[in-house]
Each structure stands twice: as structure tokens, then as C-alpha cells.
Amino acid sequence: MKEIVKKISDNQLLIEVNKKIYEFEAILQTSYKFTDKCYINIDSISEDIIGVYFKKKDEGDVSLEEVVDKFCNELIDQQVRVVVERSCGSIRDEIVKKAFSPIN
């Protein structure tokens, strides 16, 4: 497996996310879910790579490596949600529209 996690310091890690696999929307949604555990900064590293920087909020028992592992799994989940929304979002919108339309 390719190493995408880089240690910056004792309380900072970087994940390099490939933009050809994950869309920015999925990266942003995933990052937001982890803002309660870490300070997160998102920055472009290159044309194909987005860097997600993690910094611990405190010196508690939370392992930064564990948070990053959970982030990677959540990123897959959020990317799937983006793909499903794109392919089935109009169907959901039509169902909601019919459900809330007035009865004749």
C-alpha cells in the first residue's frame, strides 16, 4: 500500500489525497466531521494532490494516527455519497416533490 500519511511533527500529520480518486466535496465533508478532534487545514500540494493537515487540539488520549485512519475510511464513505447523490439525487428529489405535493 502506498504511504499517503506523513508525520510533520509529534502532534501534526499530513495526508496526501489524490484528486483523481476523491473529489473536493468529499474531502471537505470528511474534514468537517473531524474538526471536533483536530485542527484541520486543507491545501493544494500539486495538480493532482490535496494535502489535509491534522494537528491535535490537546494532549489527551486521542491518537492522531487513529484519527487519520478513521478519516481515510470516512473519506471513502463521503466519496461514495457524492457519487450516489450525482447518480440518484434527481430520483430522491422527485420522490420528495411527489410526497409533499398537494392532494387533488
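Without hydrogens or angle criteria, K19 side chain to E47 main chain gives a donor-acceptor distance under 3.5 Å.
Atom NZ of K7 and atom CG of L64 lie 9.5 Å apart (nearest 0.5 Å). Between L13 atom CG and C38 atom SG the span is 8.5 Å, to the nearest 0.5 Å. Atom CG of residue L75 and atom OG of residue S31 lie 8.0 Å apart, to the nearest 0.5 angstrom. In this structure, CD1 on I40 lies 12.5 Å from NZ on K33, to the nearest 0.5 angstrom. Atom CD1 of I50 is separated from atom CG of N18 by 9.5 Å, given to the nearest 0.5 angstrom. The distance from the CZ atom of F24 to the OG atom of S44 is 10.0 Å, given to the nearest 0.5 Å.
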- request: Apply salt bridge (Lys or Arg N to Asp or Glu O under 4.0 Å) to the pair K70 and E74, showing each step before the final yes or no.
  value: CA-CA 6 Å; K70 289 179 180 177; E74 183 65 26; over 6 Å; no
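Using a 4.5 Å heavy-atom cutoff, the side chains of I42 and L28 are in contact. Looking only at side-chain heavy atoms (C-beta outward), F54 and L14 stay at 4.5 Å or farther from each other. Between V52 and I27, the closest side-chain pair of non-hydrogen atoms falls below 4.5 Å. The shortest distance between side-chain heavy atoms of Q79 and I21 does not fall below 4.5 Å. Side-chain contact between V17 and I4: absent, with no pair of heavy atoms (C-beta onward) separated by less than 4.5 Å.
Checked options Q78, R86, E85; the residue passing with V82 is R86 (criterion: side-chain contact (heavy atoms from CB on, under 4.5 Å)).
Linking Ile, Leu, Val, Met, Phe, Trp and Tyr whenever their side-chain heavy atoms come within less than 4.5 Å leaves I15 and I49 in two separate clusters. Hydrophobic clustering (side-chain heavy atoms under 4.5 Å, transitive across Ile, Leu, Val, Met, Phe, Trp, Tyr) groups I76 together with F71. Residues Y53 and Y22 fall into different hydrophobic clusters, defined by Ile, Leu, Val, Met, Phe, Trp and Tyr side chains chained together at heavy-atom separations under 4.5 Å.
A cation-pi arrangement, defined by a distance under 6.0 Å to the six-membered ring centre and an angle within 45 degrees of its axis, is present between K57 and Y39.
More than 12 heavy-atom neighbours from other residues, nucleotides or ligands sit within 6.0 angstrom of CG on D93.
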